[in-house]
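Throughout, a chain's letter reflects where its sequence line sits, starting with A, and its residues are numbered from 1.
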Amino acid sequence: MYVAVKGGEKAIDAAHSWLAEERRGDTAIPELSVAQIREQMTLAVNRVMAEGSLYDPDLAALAIKQARGDLIEAIFLIRAYRTTLPRFGYTLPIETERMDCIRRISATFKDAPGGQVLGPTFDYTHRLLDFKLAAEGEVPDAPTRDTTPGPVPHITEFLNKEGLIQTEADSDQTPPDLTREPLELPAARALRLQSLTRGDEGFVLGMAYSTQRGYARNHAFVGELRIGTCAVEMEIPELGFAIDIGEVELTECETVNQFKGSKVEPPQFTRGYGLVFGQTERKAISMALVDRALRWKELGEDFEGAPAQDEEFVLYHADNIQATGFLEHIKLPHYVDFQSELELVRKMRAEATTALREAAECA
Amino acid sequence: MDANTDRKAWMSTLAKAPAELLSRLWADFGETPEFEFLRTPEVGGAMVRGRMGGTGAAFNLGEMTVTRCSLQLGSGEVGHAYVQGRDKAKARIAALVDALMQGPQADVVRATILTPLVDHLQTQRALRASKAAATKVEFFTMVRGED
């Protein structure tokens, strides 16, 4: 018999009040402002924007504050918010070759035109805790050098001129949109990339790492990694022409992978591609490796049974909001479900006990 | 260059302008002209697209917040705004500037609002570029002494 149970409102209200108090912490310590989080926890803000799939640093910072720093909870808040926004349109594709780069490195060409620009990186730091940061103090200005801002060419295009790397197919086809239609397999590369760019950083990193360790090995070089801002253009129906509606910071990674050729393609390099909101280079590199692993079919490679080649496995498990929603729901009341399980186990035990006793009596 | 190039440029500047600076410049400009909303400021999202491999076909990358607004001045000019973020006051000012830029006050508006905004955005851009340039690696080859 199913008995509806009500109750717990008072307990829930009290729990949420305590949550608010815990969020604030010790009131003797000054409260964090949203602007402080936006400016000083930038990479957390970037991750929440990338996986929340909504570029708005103020909202991401607010979500981090509300979630007490739990980034997946913050991403959840952003995903929920974005469903309330009317969709004004789709932008023109961002031209990343016109990016104002603050960082641009290549692991394949030392003397790439435009040079190796390190930008504000953790690379080459010693990973020693800096106790000076525990004390308040002024930060000296970063050094500058005279330059003329301007676009920097994509490094892989130099290989493309020689025909040594696969050309990316262009098409005017409208790309599928995960936020409009549910994910269906087999997924086009456009859909895979949308899924990966909003996928969980840890999951995509783990998948990418598995390809490096030999599961669907596709030895990747980072042809280019760039971080910078790009203008976003959109056609405005009222105007009949496109304007910049803003600019976003992006991380782009292009990998160059060995490819021995196939029946239809000569030996050449192939590409993996990562493009992620914000300064998110671990994620962008991971995305490029997983993108490349998932392209085995179109490149005529063998399916080696590796998880990173299996688009159903990768795409259905990359989303941390879907994952956490399903995982965490099992802690919510399942009293009725469990009651039936309990009765079933009791019944089976009774039957087993009876059978055992009868067997003993017969012997 | 067509007739829209100029308008495209100023609307793009307004979209990217910091809200605080725009509102200060607007306050310095003077009185808000008489106007009527055709569309009150509305917050929404735009789906940003990228290109596969940086140069290939489009894919959907993720959304960004945008606020839009349309209005008509008492003198008849219609102004539109699509600006980044969720600032309704900024969208209203941007639409007013767009409308005024089509009327007799265009030169004053350009000098007092748009030029300072363009300068600000260019200064910021140049500063970031010069910091990046300072982190450019200069390689030198070690003398190996083999010959």
Worksheet item: Which one of A:Arg192, A:Glu168, A:Glu95 has the most heavy-atom pairs closer than 4.5 Å to chain B?
Response: A:Glu168
Worksheet item: Among A:Thr144, A:Thr147, A:Val232, who wins on heavy-atom pairs under 4.5 Å with chain B?
Response: A:Thr144
Worksheet item: Between B:Gly62, B:Gly56, B:Gly44, B:Ala129, which shows the greatest number of heavy-atom pairs under 4.5 Å with chain A?
Response: B:Gly44
Discussion item. Could you check whether A:Glu233 pairs with B:Lys8 (Lys NZ or Arg NE/NH1/NH2 to Asp/Glu carboxylate O, under 4.0 Å)?
Written reply: yes
Response to the item:
Heavy-atom closest pair (B:Val43 atom, A:Phe88 atom, distance to 0.1 Å) is C-CZ, 3.8 Å
Item to complete: Below 4.5 Å from any heavy atom of chain B, which atoms of A:Cys101 appear? Answer side chain, backbone, both or neither.
Response: backbone
Fill in: Residue part contacting chain A, namely of B:Val137, when any heavy atom lies under 4.5 Å
both
Practice prompt. Walk me through it: do B:Arg86 and A:Leu59 pass the test side chain to side chain contact (heavy atoms under 4.5 Å, CB included)?
Written response: CA-CA 9 Å; B:Arg86 292 164 295 111; A:Leu59 277 182; 3.3 Å; yes
Discussion item. Please identify, among A:Gly272, A:Ala50, A:Gly115, A:Gly119, the residue contributing the most non-hydrogen atom pairs under 4.5 Å to chain B.
Written reply: A:Gly119
Worksheet entry | Contacting moiety of A:Tyr55, where chain B heavy atoms sit under 4.5 Å | both
Worksheet item: Would you say the side chain of B:Met52 lies within less than 4.5 Å of the side chain of A:Arg271, judging by non-hydrogen atoms?
Response: no
Worksheet entry | Heavy-atom pair count under 4.5 Å with chain A, highest-scoring of B:Ala126, B:Gly54, B:Gly85 | B:Gly54
Worksheet item: In this structure, are over 12 heavy atoms from other groups packed under 6.0 Å from A:Asp141 atom CG?
Response: no
Response to the item:
Applying a strict 4.5 Å limit to non-hydrogen atoms, the region of B:Glu42 in contact with chain A is both
Fill in: Heavy-atom side-chain proximity of B:Thr135 to A:Arg103 below 4.5 angstrom
no
Worksheet item: Which atoms form the tightest heavy-atom contact between A:Asp244 and B:Ser12, and what is the distance?
Response: N-OG, 3.0 Å
Worksheet item: Is B:Arg128 salt-bridged to A:Glu247, cutoff N-O under 4.0 Å?
Response: no
Item to complete: Take A:Asp177 and B:Arg49, measure what side chain to side chain contact (heavy atoms under 4.5 Å, CB included) needs, and give me the verdict at the end.
Response: CA-CA 10 Å; A:Asp177 184 356; B:Arg49 284 184 171 152; over 6 Å; no
Discussion item. Before you tell me yes or no, could you show the steps for B:Met11 and A:Ile236 under side chain to side chain contact (heavy atoms under 4.5 Å, CB included), namely the whole-Å CA-CA distance, both residues' side-chain angles and the distance that decides it to 0.1 Å?
Written reply: CA-CA 11 Å; B:Met11 289 187 77; A:Ile236 306 300; 5.7 Å; no
Discussion item. What's the separation between atom CG in B:Asn60 and atom CD in A:Gln194, rounded to the nearest 0.5 Å?
Written reply: 4.5 Å
Item to complete: Kindly give the heavy-atom pair with the smallest separation between B:Ser70 and A:Glu238, and that separation in Å.
Response: OG-OE2, 4.3 Å
Discussion item. Can you confirm whether B:Val48 sits close enough to A:Ile94 that some side-chain heavy atom of one is under 4.5 Å from a side-chain heavy atom of the other?
Written reply: yes
Worksheet, complete the sentence: Closest non-hydrogen atoms of A:Pro93 and B:Ala58, given as atom of the first, atom of the second and distance, are CG-CB, 3.8 Å
Worksheet item: If you round to the nearest 0.5 Å, how far is OG1 of B:Thr55 from CD of A:Glu157?
Response: 5.0 Å
Discussion item. Please classify the contact of A:Thr179 with chain B as side chain, backbone, both or neither, using a heavy-atom distance under 4.5 Å.
Written reply: side chain
Worksheet item: Should we say atom CZ of A:Phe269 is surrounded by more than 12 heavy atoms from elsewhere, each under 6.0 Å from it?
Response: no
Worksheet item: Given the options A:Leu275, A:Thr148, A:Leu92, which has more heavy-atom pairs under 4.5 Å with chain B than any of the others?
Response: A:Leu275
Discussion item. Could you measure the distance from the CE atom of A:Met234 to the CE atom of B:Met47? Nearest 0.5 Å is fine.
Written reply: 12.5 Å
Worksheet entry | Engaged part of A:Ile105 at the chain B interface, taking heavy atoms whose separation is under 4.5 Å | neither
Worksheet item: Under a 4.5 Å heavy-atom cutoff, which of A:Arg198, A:Glu254, A:Arg82 has the most pairs with chain B?
Response: A:Arg82
Worksheet item: How far apart are the closest heavy atoms of B:Ala57 and A:Ser171, and which atoms are they?
Response: CB-N, 3.6 Å
Discussion item. Once side-chain hydrogen bond (donor to acceptor under 3.5 Å, both in side chains) is applied, do any residues pair with A:Arg295, and if so which ones, sequence neighbours excluded?
Written reply: A:Gln166, A:Glu298
Discussion item. Quick check on the interface: out of B:Gln84, B:Glu138, B:Gln122, B:Lys131, who has the most heavy-atom pairs with chain A under 4.5 Å?
Written reply: B:Gln84
Worksheet item: Step by step, would you call A:Leu250 with B:Leu61 a side chain to side chain contact (heavy atoms under 4.5 Å, CB included)?
Response: CA-CA 10 Å; A:Leu250 294 167; B:Leu61 180 68; 3.7 Å; yes
Worksheet entry | Heavy-atom closest contact (A:Ala231 atom, B:Lys16 atom, distance) | CB-NZ, 4.3 Å
Worksheet, complete the sentence: Turns out that what part of A:Ala288 lies under 4.5 Å from chain B's heavy atoms comes down to neither
Discussion item. Is A:Glu252 in contact with chain B via its backbone, its side chain, both, or neither, using a 4.5 Å heavy-atom distance?
Written reply: side chain
Discussion item. With a 4.5 angstrom heavy-atom cut-off, is it the side chain or the backbone of A:Thr197 that approaches chain B, or both, or neither?
Written reply: side chain
Discussion item. I'd like to check A:Ile245 versus B:Met64 (side-chain heavy atoms, cut-off strictly below 4.5 Å). Are they in contact?
Written reply: yes
Discussion item. Are there over 12 heavy-atom neighbours, none belonging to A:Arg98, within less than 6.0 Å of that residue's CZ?
Written reply: no
Worksheet item: Non-hydrogen atoms of chain B under 4.5 Å away: do they reach the side chain of A:Pro120, the backbone, both or neither?
Response: neither
Worksheet item: Highest number of heavy-atom pairs under 4.5 Å with chain B: which of A:Thr167, A:Asp146, A:Leu239?
Response: A:Leu239
Discussion item. Could you check whether any side-chain heavy atom of A:Asp170 comes within less than 4.5 Å of a side-chain heavy atom of B:Arg51, counting everything from C-beta outward?
Written reply: yes
